[in-house]
Structures are given as C-alpha cells and as structure tokens.
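These notes are about the structure you will find just below.
Since the structure is predicted, the reported quantities are computational estimates derived from the model, not experimental observations.
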Amino acid sequence: MGMCLESNIVMGLIYNAALLLSLSIVYQVGYSLPLKWKKFAPYVYGVLIGAVGLCIMTFPFTLENGVIFDTRSILLGVTALVFGGIPVAIAAVATAVYRIIMGGSGMWMGVAVIALSAVVGLIWRKLGLMQRSKRRWLNLYALGVIIHVCMLCCTFLLPVPSSIRVLRGIAFPVMAVYPIA
C-alpha cells in the first residue's frame, strides 16, 4: 500500500511539473506584447500565471480527504522570482481563492503554502541571488528546496494525527521531485 501511494504521489508530481513548462509560454506571450501594451505586461503575466495555477490545481493528488498537493508552490515561487510582485500577487490571490472554494481540512495549510511560496520567491528576487550566482541552476534548486521545506512545515497546520501521516507520505517525494521540477 505504501509503495503504491508513493508511486501515485511521484506520478502526480511529475504530471504537475510538466504543467510548469507553460511558464515559458506565458513569458513568450508577455515578451511578444506590442510596445504600447508593455506597461500592462505584469498584469497579463499575473492573469496568465493565475490561470496556469488554476489548471494545475484541477489535477491535484489527494493524500487524505481535503488534503491535496500540486505544484502551485513552485509555480508561485518561480513567478515571484522571474516576474515580480504584481504577477505573483494576482496568481496567489487566484489560487488562494480557489483553494478556499475547494475547502477541506487542508484548506488553511494550502493557503499558507500559497502565501509562503510567493513571499520566499519575492525575498529571493529582492536579494538578487540569481543575478549574483555563477550557478543559477543551483540557486534555483535551493529556492525550490526552501519553498518545499516551508510547505512541509505548513503540514503542522493540520490536526496532529493527520499532519504526521501527511508528512510521512509526502516528505520524500516532495523533496526529491519538486525542487528538481
């Protein structure tokens, strides 16, 4: 049973990670805007990334009733890092509202993960770690690890027996697959 659950989690993570590739399309759309529309680019990015986040959230995997996981955390962290405050604020609000509508016992955990992911990405951007790094891939990997450590810490917002079960079930796959994605 444990191996099957872990396999489903890994497949769910890989599927969600594939959806993250749509960020490159969003970037290209914003880059292709006519010059007179460039001032609206952050809002266009925010709406499009919010839509990607909602798409990602429609394909979650469930560990327990009401406790779902998907790649919105890394989507929001990378959005904050690459696109900045306005796009991540729009995308975070869209995904948080949707997570609240979904409800369940993991609702507040999900909203906390959304907020923390955006904040960690914005801090990373503000510190300028990517620009000063010679190994940008390593810096991006470190961002993913920190976001997911924060996500794992948010599991303690669940009731105690549930939080331990969720942490046991998700810790290894999340730390092995998400940061790489």
Side-chain angles (χ1 to χ4, degrees), residues 1-21 23 49 52-82 88-89 91-127 129-130 137-181:
M1 175 70 178
M3 186 61 146
C4 181
L5 176 64
E6 197 166 292
S7 174
N8 287 340
I9 291 170
V10 170
M11 288 310 297
L13 290 170
I14 290 170
Y15 181 70
N16 270 247
L19 286 172
L20 288 175
L21 294 175
L23 276 180
I49 294 167
V52 169
L54 295 176
C55 288
I56 286 171
M57 292 174 73
T58 60
F59 298 103
F61 57 94
T62 304
L63 274 181
E64 290 189 8
N65 192 19
V67 180
I68 61 168
F69 288 90
D70 51 47
T71 56
R72 74 191 141 194
S73 56
I74 199 66
L75 173 78
L76 294 170
V78 170
T79 296
L81 176 67
V82 174
V88 80
V93 167
T95 54
V97 166
Y98 186 65
R99 184 61 188 99
I100 290 169
I101 290 169
M102 292 171 75
S105 61
M107 178 183 67
W108 293 116
M109 177 192 151
V111 171
V113 169
I114 289 167
L116 278 173
S117 299
V119 168
V120 169
L122 287 171
I123 290 170
W124 218 259
R125 180 183 176 94
K126 181 74 173 171
L127 294 175
L129 297 172
M130 291 300 288
W137 66 269
L138 186 59
N139 205 312
L140 195 57
Y141 178 77
L143 171 67
V145 169
I146 290 171
I147 286 173
H148 293 101
V149 166
C150 290
M151 182 185 75
L152 292 174
C153 290
C154 287
T155 60
F156 292 109
L157 294 172
L158 297 170
V160 172
S162 183
S163 65
I164 301 301
R165 280 192 307 272
V166 169
L167 197 55
R168 268 193 216 135
I170 197 72
F172 177 74
V174 161
M175 293 309 292
V177 176
Y178 270 21
I180 293 170

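- With Ile49 as reference, Leu75 is the one residue of Val88, Leu75, Leu54 to meet the side-chain contact (heavy atoms from CB on, under 4.5 Å) rule.
- Scanning both residues, Cys154 and Val113, for their nearest heavy atoms gives CB-CG2, 3.7 Å.
- For residues 96-118, no residue pair satisfies the side chain to side chain donor-acceptor pair (under 3.5 Å) rule, not counting sequence neighbours.
- One finds the CE atom of Met107 at 11.0 Å from the CD1 atom of Ile101 (value rounded to the nearest 0.5 Å).
- With sequence neighbours excluded, no residue satisfies side chain to side chain donor-acceptor pair (under 3.5 Å) with Ser163.
- Note: Ile170 CD1 to His148 NE2 = 9.5 Å, rounded to the nearest 0.5 Å.
- Put simply, CG on Leu152 and CD1 on Ile147 are 12.0 Å apart, with the number rounded to the nearest 0.5 Å.
- Residues Leu81 and Leu140 meet the side-chain proximity criterion, which asks for heavy atoms closer than 4.5 Å.
- Residue Ile164 holds its CD1 atom at 10.0 Å from CG of Leu158, rounded to the nearest 0.5 Å.
- Between Met151 and Leu116, every side-chain heavy-atom pair lies at or beyond the 4.5 Å cut-off.
- Applying the side chain to side chain contact (heavy atoms under 4.5 Å, CB included) rule to Val93 yields the partners Val97; only residues at least two apart in sequence or on another chain are considered.
- Expressed to the nearest 0.5 Å, how far CD1 of Ile114 lies from CE of Met57 amounts to 5.0 Å.
- Atoms OG1 and CD1, on Thr95 and Ile100 in that order, are 9.5 Å from each other to the nearest 0.5 Å.
- In this structure, Val111 and Ala96 approach most closely via the heavy-atom pair CG2-O, 4.2 Å.
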